[in-house]
Visitor: 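Can you keep this structure in mind? I'll have questions shortly.
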Amino acid sequence: PATRRRVRSTSGTSSSSSSSSPTSTAAIQQLLAGQRDLAAAQRRAAAAGSSRRRSSSAAAAAASSSASRPGEVAFVNGTWVLTGFEEDKKALKELVPPLQTRLKSAVEAEQQYEEALIKSLYAKNNLKRLQKDGLVLLGLQAFPHDVLYSSMVWKFAANARGNLPYHRFRQGDSLLITQYNAGQADSRPGNGNKGGSHPGSGTGNNGIKPLDATVLEVRKEYLLLTVDKSDSDQLQRVIAQSPAAALAGWRLDQSVRDTTAKRQLEAIKRLAHLRQPNSPFELLLRSALVGTPNGHYVATMPPMWVRDSSWRSDVRDLLAGIDNLNSSQKGAIAQAVTRSLTLWQGPPGTGKTRTLLALVEVLVKTALQQDKRWRDMGPLLACADTNAAVDNLVEGLVGKGLKVVRLGQPAKVRARAHAASLSGCDLLIASSACIATAVMTSMLHCRAPCYALVLAPHSNYALTALLVVSLRLSR
């Protein structure tokens, strides 16, 4: 799972007690048990593969290299068909369950640790201490400011138009918005002059549930936060009922949002099922990632377009023209372009990101040299486990003159990468009505005029898209 920024302990506060809570201990024990089960399953699969290989006859060993392959992928009657790899199919059924257990336990242990840590900080420190350490901002003014896709942007500023007090909030951080009364500065919501429980553990003042928000922009005088439409409507209602609440009635707290953990758990659950049951490529990729007996062979299988001699020649020419790489980095690219799966490892400062950018540049520019080649390869998808890493890729690829589209939550996109996001597009053309509908749904609250042209194979797709457009216009 992606490593998220930890909340540092305040001075004089130890966080050791949170890591030893019953829930965290149980999760860690489950994690270790899952690791043992996975290791045992991998050893059994490796032993089975080794036994089968030792039992092969001398005649089979002398056969041609094509006959000794564990399987192949062929294009038959307009469909990709997988032949062979029978022991890998069986090994997947044995290896995936313990892997799911291990990954699920890791995600849950990380989430529980972060939640226990921030609750411990609030339980052991008074509100003044939390303010001093930058975990809380009190008595803020709140005003609707802007619209960003389907989210509403709110401005939170200090009173008397001064600068905000010290805080640790940064762009992309998750926060909680609650109502605040100055008379409860030392007691909300807890005991004596303690900070009490974290606002996320219940309802705020006046029974209003804490609202999730994401930091969009940080200025000395104010913060811009993105809020879901439903939560924004609730803010509007509160302010309409009590206009004075807009002037000094709001509190911001650091939050641990579980959205990422939920998505990871859902992905782990799907690991046992192929999205396309008959897709040979999904099965082979999972074989290489999980580590089936022939997983290494699967990783070394060349993509279909590598068989074209002109493609290989163009790659060599492009790679030779890149002058900011050393021989080791160029060798890594040369191997990666001819394999189905490659893992690069290295300490910081060894040029992994620079080499990755060059790999993407070579693949895209080679594909663009011929129309048929581009149709065979298609666009390239680059992913990373943090928004900062994705933005680094975007900026590097744009600097190389490539056409890049940045996908993701707009509030977490770096300002310099906004030009590559969908918010900067003048025209969107989608090859699928479903894709077009999904994108237009995210643009419902976009301020700029929007026209959508959808070419749909069936009338129900077109009607769905038109419904989305009509909703956007009605707002």
Side-chain angles (χ1 to χ4, degrees), residues 1-7 110-111 114-115 118 134-138 140-158 164 167-180 198-201 204 208-236 238-239 250-264 383-392 394 406-424 439 441-447:
T3 301
R4 296 184 287 277
R5 183 172 62 81
R6 305 292 188 187
V7 180
E110 183 181 27
Q111 186 72 10
E114 292 186 350
E115 292 174 352
I118 196 167
L135 297 176
V136 177
L137 286 177
L138 303 175
L140 300 180
Q141 301 175 345
F143 309 98
H145 179 75
D146 203 347
V147 180
L148 186 66
Y149 284 119
S150 57
S151 298
M152 311 302 291
V153 180
W154 281 74
K155 180 178 180 180
F156 287 81
L164 291 173
H167 61 86
R168 298 187 193 178
F169 306 148
R170 299 293 179 263
Q171 193 253 342
D173 284 356
S174 297
L175 304 182
L176 283 178
I177 304 172
T178 52
Q179 279 191 283
Y180 167 75
H198 186 261
S201 61
I208 296 175
K209 181 180 178 181
L211 308 177
D212 289 317
T214 302
V215 180
L216 176 65
E217 185 176 334
V218 179
R219 295 290 181 90
K220 291 182 179 181
E221 303 84 5
Y222 60 85
L223 294 175
L224 294 183
L225 309 182
T226 59
V227 183
D228 289 342
K229 183 64 169 59
S230 58
D231 289 344
S232 178
D233 291 342
Q234 186 173 354
L235 276 175
Q236 293 275 26
V238 172
I239 293 175
W250 301 100
R251 164 177 172 168
L252 300 179
D253 291 80
Q254 195 165 14
S255 171
V256 178
R257 187 175 292 188
D258 61 354
T259 303
T260 301
K262 288 180 178 178
R263 290 173 178 171
Q264 290 173 340
C383 306
D385 63 339
T386 64
N387 284 284
V390 173
D391 289 337
N392 289 339
V394 170
R406 167 67 158 97
L407 301 178
Q409 186 178 353
K412 295 182 180 290
V413 177
R414 193 179 299 161
R416 295 193 300 273
H418 275 169
S421 67
L422 287 174
S423 60
V439 173
T441 301
S442 70
M443 298 175 68
L444 280 177
H445 304 288
C446 186
R447 286 188 307 161

Visitor: Determine, stepwise, if the pair D212 / L176 fulfils side-chain contact (heavy atoms from CB on, under 4.5 Å).
Guide: CA-CA 5 Å; D212 289 317; L176 283 178; 3.2 Å; yes
Visitor: So how far is it from D253 CG to H167 NE2, rounded to the nearest 0.5 Å?
Guide: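 Answer rounded to 0.5 Å: 13.5 Å.
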Visitor: Donor-acceptor check, side chain of D173 to backbone of R170, threshold 3.5 angstrom: yes or no?
Guide: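 Checking the backbone N and O of R170 against the side chain of D173, a donor-acceptor pair under 3.5 Å is found.
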Visitor: Quick check against the 3.5 Å criterion: does E114 have a side-chain atom that pairs as donor or acceptor with the backbone of S255?
Guide: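 Answer holds: no.
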Visitor: With sequence neighbours excluded, what pairs up with D233 under the salt bridge (Lys or Arg N to Asp or Glu O under 4.0 Å) test?
Guide: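 With sequence neighbours excluded, D233 shows a salt bridge (Lys or Arg N to Asp or Glu O under 4.0 Å) to K229, given in chain and number order.
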Visitor: Calculate, to the nearest 0.5 Å, the distance between atoms OG1 and CG belonging to T178 and L138 respectively.
Guide: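 Here the interatomic distance stands at 8.5 Å.
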Visitor: With rounding to the nearest 0.5 angstrom, report the CH2 to CD1 distance, W154 to I239.
Guide: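 Spacing of CH2 (W154) from CD1 (I239) equals 4.0 Å.
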Visitor: State which residues pass side-chain contact (heavy atoms from CB on, under 4.5 Å) with R219; sequence neighbours excluded, sorted by chain then number.
Guide: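 E217, E221, Y222.
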Visitor: Would you give the length of the straight line joining atom CZ of R406 to atom CG of D391, rounded to the nearest 0.5 angstrom?
Guide: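 Answer rounded to 0.5 Å: 4.5 Å.
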Visitor: Any heavy-atom pair between the side chains of I118 and L135 that's under 4.5 Å?
Guide: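 No - every pair of side-chain heavy atoms lies 4.5 Å or more apart.
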Visitor: Could you walk me through whether I177 and L252 pass the side-chain contact (heavy atoms from CB on, under 4.5 Å) check?
Guide: CA-CA 5 Å; I177 304 172; L252 300 179; 3.7 Å; yes
Visitor: Which heavy atom of F169 sits nearest a heavy atom of G134, and at what distance?
Guide: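 Of all heavy-atom pairs spanning F169 and G134, the closest is CE2-O, 3.9 Å.
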Visitor: Side-chain contact test, heavy atoms from C-beta onward, threshold under 4.5 Å: evaluate it for V215 versus L175 and give yes or no.
Guide: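 Sidechains of L175 and V215: in contact.
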Visitor: Once rounded to the nearest 0.5 Å, what's the spacing between atom OG of S151 and atom CG of L225?
Guide: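 One finds 11.5 Å between OG of S151 and CG of L225.
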Visitor: Looking only at non-hydrogen atoms, find the nearest pair between A417 and V394 and report the distance.
Guide: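 For A417 versus V394, the nearest heavy atoms are CB-CG1, 4.1 Å.
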Visitor: Can you find a heavy atom in the side chain of P144 that is under 4.5 Å from one in the side chain of Q236?
Guide: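 In contact.
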Visitor: First locate atom CG of L216, then atom NZ of K155, and finally report the distance between them rounded to the nearest 0.5 Å.
Guide: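 Reported value, rounded in 0.5 Å steps: 13.0 Å.
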Visitor: How far apart are the closest heavy atoms of A158 and L164, and which atoms are they?
Guide: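 Smallest heavy-atom distance, with atoms named: N-CD2, 3.6 Å.
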Visitor: Is there a side-chain hydrogen bond (donor to acceptor under 3.5 Å, both in side chains) between N392 and R414? Walk through the geometry before answering.
Guide: CA-CA 9 Å; N392 289 339; R414 193 179 299 161; 3.0 Å; yes
Visitor: Any heavy-atom pair between the side chains of L137 and L223 that's under 4.5 Å?
Guide: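 Yes - at least one pair of side-chain heavy atoms lies under 4.5 Å apart.
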Visitor: Only counting residues at least two apart or in another chain, list the ones meeting ring-ring contact (aromatic ring centres under 6.0 Å, His included) with H145.
Guide: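 ring-ring contact (aromatic ring centres under 6.0 Å, His included) check on H145 returns nothing, list empty.
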Visitor: Can you find a heavy atom in the side chain of V238 that is under 4.5 Å from one in the side chain of W250?
Guide: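 Side-chain contact under 4.5 Å: yes.
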